[in-house]
Every structure is written in structure tokens, then in C-alpha cells.
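Since the structure is predicted, the reported quantities are computational estimates derived from the model, not experimental observations.
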Amino acid sequence: METFPKIISVDDHTVEPPNVWRDRLPSKYQDTGPRIVRAPVKEMSFVGGKFAPKMGAVGDDGPIADWWVYEDLHRPLTRLDTAVGYARDDIKLEGITYEQMRPGSFSVPDRLADMDVNHVQSALCFPTFPRFCGQTFTEAKDRELGLLGVRAYNDWMVEEWCGPQARGRLIPLGLIPLWDAELAAAEVRRNAARGVRAVCFSEIPPHLGLPSIHTDYWDPFLRACDETGTVIAMHIGSSSKMPSTSADAPPAVGSTITFANCCFSMVDWLMSGKFDRFPDLKIMYAEGQIGWIPYVLERADVVWEENRGWGGVADKVLRPPSELFTEHIYGCFFDDAFGLQNLDAIGVGNVLYETDYPHSDSTWPKSREVGESQMGHLTPDVVERIVRGNAISLLGLTGEGLWGPSAPRQEV
């Protein structure tokens, strides 16, 4: 293409610096709140969709890694967390230290520089240690500490990661206390008051031991999102259960079908009745790709039309699912030539672009080249919408694609 729009990536990641919680939690939690410990890796496996690391004692033999320690949790930083800058064949399942990762993973100035290299103007970043929707705090024993941990992360996200040095180029994405829908609603409103327009959520809450969206449990949270214009962002793996076929399936199986949870989740939402109850609600699926969407919409419409009498949706899903999709749901992709060839069946207004920096799947530093090669058949106005226009509208950014003046920050 002669010109390619500056990218607004709706799915990148931050690797939290070591001091995020140490700087923000009360002193009584210094020994139980999230903190970094440098220690050997005793064992590490990722089979059947389950990540299983074991930390050795300080001074033991074995490769050294930086570990997040929180209550009884020991979670190492891994090369899969931050793989950009490494050859594909050198990206392995191994523990690393902060010194062994690209600084743009955790440093704002370095991140902006890497965005410049990749033709990226602005980016929305999902967490690493809290996991993709804050499951780490949900699984912890101490609920008071968990709530403080969620709030501390959100404060760091707004005040530092997306603070003045980011110059509006980093877009805040909040967490909620998933274990209490009323507290979740309060946190949505607290952050919306300072301009946060997106919040993480689980693609399949029952996998986390939480109620499904077919109950009324989540209504206070959904109402808060609906009334504040807060987008519900669901990343693959935000149910702590990646798709797989068996306990001994190699990671390549799960990596091929990562979209499956998004597929299941989208059908859940389309058949839940929530979009009729909360008409301004918007949801997005990060890293789910888009090529699978047309058939699922076709099948959902057939089921709604022919089977709703016994399908349990006649009294709550009042319009065809494909219409609900058009008004409420966004698919996100970074490398999906098939989906782009079938864009008319998805909808130009329902697609967002991403780079997945700094993960192993990331197209960095060639996201522009990938986009140009896959979008060459599209008109410039359509490319503009996919690469940045839809994100600007959805996330309430300025006309230049920055976070800031259109959503003024306020002290809360």
C-alpha cells in the first residue's frame, strides 16, 4: 500500500515492574502481597493446556528466573511472556529475569520506542502477573488483600503506565474483583471517572468457579459497564483454561485452537439476553482472530429461528444473534488473511487490529507489513477503520487516536 494508517493495537501486554504492589500496598502486606524473588527453576511444563512451574530454593542448582510470589503462589517470568526480539526457534518454555527481556516489556519509554519501530501509535495492554482478567487475585485467600491488589494495579495502570510520560499513546485497561459483582461495579465506576474505558473479564467465568453470564449475578457489573461506556475485554486464556484435546496434547494443539474459548464465549453472550437488557454494552475478544465468526453467526441465527421454542431463549433473545453481534461485539486479530477475505460476512465495523507485543505470537516489528499483505484487497477507508478508526470510536480516544482530552482524568 502507498500509505498504511498508524496502528492502534487493542491487544498488547505489559510485564509489570517489580515495585507495582510493593509501592502501593500497606506495610502489613509486604510479606504476603505480590513481590519479586530471584530463584532457580526446579521444574516447568506446559502440557494439556496447563502451565506447571516449580520454584527451587534460593541457592539451589538450576536456571535462574524472577518469580512473582504472592501468598502460596510462585509464578516465574517466562520467555513466552516476552519473546519479541528473539528468533522463533529460540523461543522456548523457560524462566527468565527482567534483564533477559526486551525493556519495552516493562518500561514506558522503551515501549513507546518499540511502538515507533512497529508503526504503532497507541496500544491497549493486558496484564501479565494478574493474568488476563485478574484471576490471580480472585484465587487468593485474603479477599481484603486481593481487593487492594486489584486497586493498586489499576492505580499503577492509570497513573504510571498510562501516565504523562506515555503522552496518551498507552490506553488504560482495568481489572475488577471478580469474586463480588457489586465491588466490581464500584471499581468500574471508580476508574471510569478518570477516563478508563475498558475492563478485563473472563471469557468463560464458570472455568474460574464463578457464575455464568446466564445468571443475574453479573448484572451490577454489566450495568456499570453499560452506563459508563466501559468495554468488556476478554482475552484468550482469561478463563485459566486454554483449549486442548487431552491431558497429554502438546502445546501446539492448544496454540492452533486458541480461538475456541472465544467462540464458546460469544455464543454464550449471544444467547444470554444481556444485550437486550443492557443496550449500550460492548464486548471484545482479544487475540481470538476473526475467520471463525461468519459460520458461528450463521449457525446461531438458524438455532434462534428454528429451535428457540425449546432452546431456552425465546423469552430473552428478542432479535437474531447476528444483529446483536453487529451492535455489541468486536473481534480482534493480528494475522488472519482468511478472516479479511470474508470481512463482509463479519462486518467492517466489528473488527479491530492488534500486534500482541511482546508475546511469542506477536507480529512485531512487522505488523505494518503483515497488515499491508493481508489488506491489499481492501479500500483505504476500510483499512483505516480496521487499523484505527473502530478502536478510536470504541475506546473513546481523541481524533488523533490518543487517550486523554476526550476522557479527562479525575482524582478519585
Side-chain angles (χ1 to χ4, degrees), residues 1 4-13 83-84 115 118-126 132 171 173 198 200 203 231-238 242-243 254-267 269 282-297 325-326 328-379 381-395 401:
M1 296 181 183
F4 191 78
K6 291 296 287 290
I7 298 166
I8 297 178
S9 174
V10 297
D11 171 31
D12 286 356
H13 299 264
V84 291
M115 290 162 61
N118 200 31
H119 198 66
V120 173
Q121 178 186 353
S122 306
L124 182 79
C125 297
F126 284 82
F132 295 147
I171 307 162
L173 174 63
C200 301
E203 59 207 348
V231 180
I232 297 176
M234 292 171 281
H235 195 284
I236 59 168
S238 56
M242 293 297 288
S255 185
T256 302
I257 57 174
T258 51
F259 71 91
N261 280 357
C262 296
C263 175
F264 298 159
S265 176
M266 190 178 83
V267 175
W269 280 88
K282 308 290 186 185
I283 69 175
M284 56 170 268
Y285 288 102
E287 206 172 324
Q289 311 299 350
I290 59 174
W292 53 273
I293 291 175
Y295 171 72
V296 174
L297 293 179
F325 172 86
T326 299
H328 298 277
I329 301 178
Y330 295 78
C332 311
F333 77 100
F334 57 83
D335 186 1
D336 192 340
F338 181 82
L340 288 168
Q341 291 292 335
N342 293 276
L343 188 61
D344 288 346
I346 301 167
V348 172
N350 298 87
V351 173
L352 305 168
Y353 200 42
E354 59 180 68
T355 77
D356 197 29
Y357 179 106
H359 282 185
S360 59
D361 269 341
S362 178
T363 51
W364 185 92
K366 297 182 178 181
S367 300
R368 174 180 181 170
E369 289 83 346
V370 172
E372 287 177 327
S373 68
Q374 295 187 353
M375 300 183 201
H377 64 292
L378 301 174
T379 60
D381 62 311
V382 169
V383 175
E384 174 79 17
R385 290 187 67 183
I386 293 171
V387 173
R388 56 184 290 112
N390 291 338
I392 288 173
S393 177
L394 179 65
L395 299 171

Test side-chain contact (heavy atoms from CB on, under 4.5 Å) on M266 and L297 and set out the steps. CA-CA 9 Å; M266 190 178 83; L297 293 179; 3.9 Å; yes

How far apart are the C-alpha atoms of D12 and T355, what are their side-chain angles, what is the distance that settles it, and do they pass the side-chain contact (heavy atoms from CB on, under 4.5 Å) test? CA-CA 6 Å; D12 286 356; T355 77; 2.7 Å; yes

Test side-chain contact (heavy atoms from CB on, under 4.5 Å) on L394 and Y330; report intermediate values, then the result. CA-CA 9 Å; L394 179 65; Y330 295 78; 3.5 Å; yes

As a quick check of understanding, evaluate side-chain contact (heavy atoms from CB on, under 4.5 Å) for H328 and I283, giving each step before the final call. CA-CA 6 Å; H328 298 277; I283 69 175; 5.6 Å; no

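With sequence neighbours excluded, the residues that form a side-chain contact (heavy atoms from CB on, under 4.5 Å) with A233 are F126, L173, M284. Residues passing the side-chain contact (heavy atoms from CB on, under 4.5 Å) test with K6 are H119, Q121, R388, sequence neighbours excluded. T258 meets the side-chain contact (heavy atoms from CB on, under 4.5 Å) test with I236, M242; sequence neighbours excluded. Shown here are the side chain to side chain donor-acceptor pair (under 3.5 Å) partners of N261, two or more places apart in sequence or in another chain: E203, S239. When the side chain to side chain donor-acceptor pair (under 3.5 Å) test is applied to T256, no partner is found at least two apart in sequence or on another chain.
Side-chain contact between F259 and I293 is absent, with no heavy atoms from C-beta onward closer than 4.5 Å. Residues I8 and V120 have side chains not in contact (no heavy-atom distance under 4.5 Å, counting atoms from C-beta outward). When side chains are defined from C-beta on, M375 counts as touching V387, because their heavy atoms get closer than 4.5 Å. With contacts defined as side-chain heavy-atom distances shorter than 4.5 Å, the pair M115/W364 does not qualify. Side-chain contact between E369 and T363: absent, with no pair of heavy atoms (C-beta onward) separated by less than 4.5 Å. Looking only at side-chain heavy atoms (C-beta outward), V370 and F334 stay at 4.5 Å or farther from each other.
For the atom pair S9 OG and I171 CD1, the distance stands at 8.5 Å (nearest 0.5 Å). For the atom pair SG (C125) and CG (D11), the distance works out to 9.0 Å, reported to the nearest 0.5 Å. Atom CG of L395 sits about 12.0 Å away from atom NZ of K282, to the nearest 0.5 Å. Rounded to the nearest 0.5 angstrom, D335 CG and K366 NZ are separated by 13.0 Å. Considering CD of E384 and CG of D381, their distance stands at 9.0 Å, rounded to 0.5 Å. In this structure, SG on C263 lies 9.5 Å from OH on Y295, to the nearest 0.5 angstrom.
Listed here is the closest heavy atom pair of D356 and S362: O-CB, 3.4 Å. When every heavy atom of S122 is checked against every heavy atom of G401, the shortest pair comes out as OG-O, 2.6 Å. Of all the heavy atoms in V383 and P5, the pair that sits closest is CG1-CD, 3.8 Å.
A side-chain hydrogen bond (donor to acceptor under 3.5 Å, both in side chains) check over residues 285-294, counting only residues at least two apart or in different chains, returns the pairs H235-E287, S265-Y285.
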For residues 337-353, which side-chain donor-acceptor pairs fall under 3.5 Å, sequence neighbours excluded?
| unit_1 | atom_1 | unit_2 | atom_2 | d |
| --- | --- | --- | --- | --- |
| N342 | ND2 | F338 | O | 2.8 |
| N350 | ND2 | F325 | O | 3.1 |
| N350 | ND2 | T326 | O | 3.1 |
| N350 | ND2 | I329 | O | 2.8 |
| Y353 | OH | S367 | O | 2.9 |
| Y353 | OH | G371 | N | 3.3 |

